[in-house]
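The structure appears right after this line, and notes come after that.
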Amino acid sequence: MAEALLGPAEIRELAARLGVAPTKKLGQNFLHDPNTIRRIVAAAGLVAGDVALEVGPGLGSLTLGLVGAVRHVHAVEIDPRLAAALPGTVPAAHLRVHNADAMQVRGADFDPAPTMLVANLPYNVAVPVVLHLLAELPSLRGGLVMVQKEVADRLVAGPGSKVYGVPSVKLAWYADARPAGKVPPAVFWPVPNVDSGLVAFARRTPPAGVDRRDVFAVVDAAFAQRRKTLRAALAGWAGGAGRAEKLLVAAGVSPQARGESLTVEQFAAIAAAAKVSPSGGKLSAIEGEHEEVDS
Ligand code: SAM
């Protein structure tokens, strides 16, 4: 890492000079610990040919670490003051700053195409940002993100875990994720009142023959009523509990199971079964009449 990294004194001085008062609304907690930066860059498993995408560079703490490790860095920052100041803090020819909302960026905005997402994410939008970028940027081979510890636990959880839910299954559609360590509040300014966690992920081939949106609709329905059996939880989505049961059986999933026990492949199998057996108005109307409520 060739560039000098920012410690607590530099971060305060930089913020004062730029007139930046961190806002909670934008999740602005800045890293001021060079060891944590080195740890994140090392844990990301970057190679020199990578193109890093950083969401929320803030004052540039992590950006300084990234420019020394890869051939190009795209930094997407929503706060115009921070975006404008970044090239002054990180004077690297291979850094491109995008003053944009990470939720709105498209693949065409980036040249060269990003291969790794490495970010200390704004915690209030962390999960939607990761999912949006994985959908929008097929060039991403993986990433390392810092998020609230509780969210990190959800993202890496597998079926059967208490915290397995929509973020876990949707991330599993795109990638294999694993925990990559815990980060204490003291390394941030201002100090957040939550622990943070690192999540590493590597892109995988998603289940074949079925549309992502169709699978995600099943996932959303299953977890909207996570205590119910899938037969009941998927009744609304399927057009009746009877049809939900048929589709579950066709997918090889027990109608009495709950969403929290299913892998992403099983959710995909349910969506695929619905595609093979589209709901006919009459059929589902008849099934609807016999709808039972189970829990
Ligand atoms: N990477 C810096 C660090 O580690 O010190 C700052 C991380 S701070 C947790 C989150 C950053 O994301 C802030 O700079 C904030 O302005 C920015 N941000 C918040 N929402 C954003 C969005 N939707 N798109 C892009 N950047 C965003």
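Counting starts at 1 for both ligands and their atoms, following the listed order. Model, not experiment: these values are computed from the prediction.
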Electrostatic pair Lys170:Asp220 at N-O distance under 4.0 angstrom:
yes
Ala100 heavy atoms, cut-off 4.0 Å: which ligand 1 atoms fall inside?
24 (N), 25 (C)
With atoms numbered from 1 as shown, which atoms in ligand 1 lie under 4.0 angstrom from a non-hydrogen atom of Glu77?
13 (C), 14 (O), 15 (C), 16 (O), 17 (C), 26 (N)
Should the pair Arg141-Asp50 be classified as a salt bridge under the 4.0 Å nitrogen-to-oxygen rule?
yes
Would you say the side chains of Ser261 and Tyr164 form a donor-acceptor pair under 3.5 Å?
no
Between Ala119 and ligand 1, which part of the residue brings a heavy atom under 4.0 Å of the ligand: side chain, backbone, both or neither?
neither
Do any N or O atoms from the side chain of Thr89 and from the backbone of Gly60 form a donor-acceptor pair under 3.5 angstrom?
no
Considering non-hydrogen atoms of the protein only, which is the closest contact for atom 20 (N) of ligand 1, and what is the distance?
Pro122 CG, 3.5 Å
side-chain hydrogen bond (donor to acceptor under 3.5 Å, both in side chains) filter on Glu77, not counting sequence neighbours, yields none
So which heavy atom in the protein is nearest atom 12 (O) of ligand 1, and how far is it from that ligand atom?
Gly56 CA, 3.1 Å
Which of these, Thr36, Val125, Ile78, Leu121, has its nearest heavy atom closest to atom 25 (C) of ligand 1?
Ile78
List the atom of His32, the atom of Ala186, and the distance in Å for their closest heavy-atom pair.
CE1-O, 3.3 Å
Test of understanding: with side-chain hydrogen bond (donor to acceptor under 3.5 Å, both in side chains), list the residues that count as partners of Glu13, not counting sequence neighbours.
Arg17
Between Glu54 and Thr63, is any side-chain donor less than 3.5 angstrom from a side-chain acceptor?
yes
Subset of ligand 1 atoms that lie under 4.0 Å from at least one heavy atom of Gly27
8 (S), 9 (C), 10 (C)
Which residue and non-hydrogen atom of the protein lie closest to atom 19 (C) of ligand 1, and at what distance in Å?
Leu26 O, 3.1 Å
Val76: numbered ligand 1 atoms lying under 4.0 Å from its heavy atoms:
25 (C), 26 (N)
What are the atoms of ligand 1, with element, lying closer than 4.0 Å to any heavy atom of Glu54?
1 (N)
Would you check whether Asp79 has a nitrogen or oxygen atom less than 3.5 angstrom from a nitrogen or oxygen atom of ligand 1?
no
Basic-acidic side-chain contact under 4.0 Å: Lys228, Glu260:
no
Is the side chain of Arg258 donor-acceptor paired with the backbone N or O of Arg227 at a distance under 3.5 Å, no angle test?
yes
Test of proximity, Leu31 against ligand 1: N or O pairs below 3.5 Å
yes
Contacting atoms of ligand 1, where contact means under 4.0 angstrom from a heavy atom of Asp101
22 (C), 23 (N), 24 (N)
Ring-plane angle category for His98 and His74, please: parallel below 30°, perpendicular beyond 60°, tilted otherwise.
tilted
Tell me whether Ala102 has any N or O atom under 3.5 angstrom from an N or O of ligand 1.
yes
Near Asn29 (heavy-atom distance under 4.0 Å), the atoms of ligand 1 are 7 (C), 8 (S), 9 (C)
Here the atoms of ligand 1 under 4.0 Å from any heavy atom belonging to Phe30 are 5 (O), 6 (C), 14 (O)
Do me a favour and list the nearest non-hydrogen protein atom to atom 4 (O) of ligand 1 with residue, atom name and distance?
Asn120 ND2, 2.7 Å
